[in-house]
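Working notes, beginning with the structure itself.
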Amino acid sequence: MALLVDKHRPRSLDDLTYHHGLSDRLRALAQSGDFPHLLVYGPSGAGKKTRITATLKELFGPGVEKIKIDARVFQTTTNRKLDFNIVSSVYHMEITPSDVGQYDRVVVQDLLKEVAQTQQVDLSARQRFKVVVINEADYLTRDAQAALRRTMEKYSPNLRLVLLANSTANIIAPIRSRTLLVRVAAPTEDEIVSVLTKVGTKERYDIVEGLNKRIAKESGRNLRKALLMLEAVYAQNENVSENTRIPPPDWEVVITQIADEIVAERTPAQILQTRAKLYDLLTHCIPPTIVLKTLTMKLVSKVDDELKPEIVKWSAFFEHRIRTGSKVIFHLEAFVAKFMRIMESHSMGLDF
Amino acid sequence: MANFFDIKARKAAAAEGSSKTPTTKQEPNRMQPWVEKYRPKTLADVTAQDHTIQILTRTLTSSNLPHMLFYGPPGTGKTSTILALAKQLYGPELMRSRVLELNASDERGISIIREKVKDFARQQLSAIPPGAAGKAYREKHPVPPFKIIVLDEADSMTQDAQTALRRTMEAYSRITRFCLVCNYVTRIIDPLASRCSKFRFKSLDGSSASARLEHIAEAEGVKLDEGAVDALVRCAEGDLRRAITFLQSAARLVGATVAVSAGKRKKKGEEEDAMDVDAIGGTVTVRIVEEIAGVVPDDVMARLVDAIRSPATGKKRGGVMYEKVAKVVEDLVADGWSATQVTGQLYEKILYDEMIEDKCKNRIVMVFSEADKRLVDGADEHLTILDLALRIGEILAGKG
């Protein structure tokens, strides 16, 4: 029993339901025989990966769907052993180098060189090159990216890279200028609704138009999230109507709680309580950026208009601190404290 | 040595030789990036660096060359110039044994300087083929009695490595010349800089860049829409290499689409004509160029600016603005526009707006500087842009 997201994932370029112009272009590239290196970027849940998988199928035929998972061991220069998982088919390979943190350079160099130096054995293969898909390319370290740069030029007859990233900001310019940039925008709310309806029909759910619209709005234009929400709603309720509550994820409930509490009570004791909750979130592996961002959005909707820019300002400030600093909890707490102070000053009519 | 100074005859001979080569190896070139394919082959081909080229052409006639330091922004032809010069000096056969090109971004560090560079510097000069063949070779190429070491991206070399170079440069100056290529001349230590004659490469002006692009487009059979060349030049910001890469990507996109659609369905009338002319022959439009360069469309930017400048309504001003700005920013992020690009374009829009007071601009630039730093550090794009937009709005409204 697979999740809806996986069960109804489009397998070929024809099945994709939105961005038809982009699908056409990818198809053209795949058929032209001169396939460039790609850098695919867009927000999460926009369908980057799905699109690329479909393109690969267009390139190589159904063979790419037979995948296996390899566990490989790499050795760093300091003799540390790294375990690394590779998803591969005969024609392509998929890696997530950011799994191994700062040692990603070793993996990228060793693996790509190995792939690049072996030629395609299968004579009936449609393309002479192999494709390596690199997930989360924006988390690659500078070193690893610099290593890619040479590999891309040197081994281009045997190897094509597809980099997937959420933003191009962290990709170094030399890589950007060597790849064809493909932007995948998030689907609009209407497009999400149509996908939800389609999936719902296939699953024989009773489709409620209004609910689908609400899900689309709640999901923040993230199709994956929308589908998960749809599944959750139908799994929890026998009869679904227009006003059925959409169960939010647990972590979101906790953050909403925090927001409510710190708006209501602004005391040191409250900070202490919040700390426990924040720790709870962090130990459940919720990324600090998401915590801070969600908290900000919740808080902003609760406070006076005049305070909103100020809160966003401090939120951005502490988010930056989280990135550059080392201990996340300090900055989250500092934000909470700062928020309390702003609220307090405002209610007393002071300048903050 | 007979007609060493007869540059005209030699030039003609060289031109003849070089014009012959590309025709023979046209086929394997297909996959080559156009940047490499259209790299200038002679000094005369280098675009828009008249002063430098003039001096260097003169060195072709004399058998001497100083150590050189090329500096200037990326994509202005520094590497191309030195490679073209080397090619003209030595010709294809001696090029390999007489020129060492080191890309400092890959292999830097003091050990490389000590071993590779020093070894090459002290090698004996490779001989010109003897007899009549050698003489004929001499006709085409001057082959001066020294080797050239090109250190590309020299500004990313460590201080130590640069220091190690000092003595090497002098010790072997009898048979070796150095050419340092860099973006920032300030990162080259003084002792090195003073040993070289400096050449500044200026940023390409629009007309020469577009001439070059048009030439390439013509040679590749790519049809350019009106204004597409201007868009290319504008998006590349004086970097010709970037412009050419954009052009190639654009050509790939439109060219490929036409080739496919030819079989399936017929597209609009104008593209049919294009297919008759050439197999790859879609029209590159301004929109496609901007899409490839990742430029945010003007109307989206206009919406952002509108939201930022939305009218102040008494004390409640902050609120109205917040809702509007938040909506636009959310859409921007969901559409996947790169935050760096948005910041850059917003900067231009605001800074060139003459309706904004200089005093405001000063403060706004500070905000931009901070936002840029945060983005580089990898901060969240959504929050950063939202913060940036809100703060600019506050400053414009004369608050905060």
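In what follows, every chain begins at residue 1, and chains take the letters A, B, ... in the order their sequences are listed.
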Nearest 0.5 Å, please: how far is [atom2] in [Y] from [atom1] in [X]?
X      : Y      : atom1 : atom2 : value
A:R321 : B:R374 : CZ    : CZ    : 9.0 Å
A:R183 : B:D335 : CZ    : CG    : 6.0 Å
A:T168 : B:W337 : OG1   : CH2   : 11.0 Å
A:H320 : B:E370 : NE2   : CD    : 8.0 Å
B:T245 : A:L181 : OG1   : CG    : 10.5 Å
A:S167 : B:Q341 : OG    : CD    : 12.5 Å

**OP:** Return the option, out of B:D377, B:T384, B:T340, B:L375, with the maximum number of heavy-atom pairs under 4.5 Å with chain A.
**Re:**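 When all of B:D377, B:T384, B:T340, B:L375 are compared, B:D377 has the most.
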**Message:** Taking every non-hydrogen pair under 4.5 Å, which of B:A326, B:G336, B:A334, B:S338 racks up the most with chain A?
**Reply:**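 Option with the top pair count is B:A334.
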Is the number of heavy atoms from other residues, nucleotides or ligands under 6.0 Å of [X] [atom1] greater than 12?
X      : atom1 : value
B:R241 : CZ    : no
B:F368 : CZ    : yes
A:K302 : NZ    : yes

Would you mind checking which part of [X] comes under 4.5 Å of any heavy atom in chain A, side chain (CB onward), backbone (N, CA, C, O), both or neither?
X      : value
B:D239 : neither
B:L386 : both
B:A339 : neither

Item to complete: List the steps and the verdict of side-chain contact (heavy atoms from CB on, under 4.5 Å) for A:E310 and B:L390.
Response: CA-CA 9 Å; A:E310 192 67 14; B:L390 287 174; over 6 Å; no
task = Could you please spell out the steps behind the salt bridge (Lys or Arg N to Asp or Glu O under 4.0 Å) verdict for A:R323 and B:D380?
result = CA-CA 9 Å; A:R323 289 293 162 135; B:D380 185 78; 5.2 Å; no
| So, A:K308 and B:E323, do they make that salt bridge, N to O below 4.0 Å? |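 Salt bridge flag = yes for B:E323 with A:K308.
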After noting the C-alpha distance and the side-chain angles of A:K313 and B:E394, does the key distance pass the salt bridge (Lys or Arg N to Asp or Glu O under 4.0 Å) rule?
-> CA-CA 11 Å; A:K313 176 176 151 192; B:E394 280 191 345; over 6 Å; no
Under 4.5 Å from a heavy atom of chain B, the part of A:V300 involved:
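Contact with chain B involves the side chain of A:V300 alone.
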- [ ] Under 4.5 Å, counting heavy-atom pairs only, tell me which of A:P187, A:S315, A:P36 racks up the most with chain B.
- [x]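 Of the candidates given, the most pairs with chain B belong to A:P36.
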Q. Would you say the side chain of A:W314 lies within less than 4.5 Å of the side chain of B:D387, judging by non-hydrogen atoms?
A.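 In short, these two side chains do not touch, never coming nearer than 4.5 Å.
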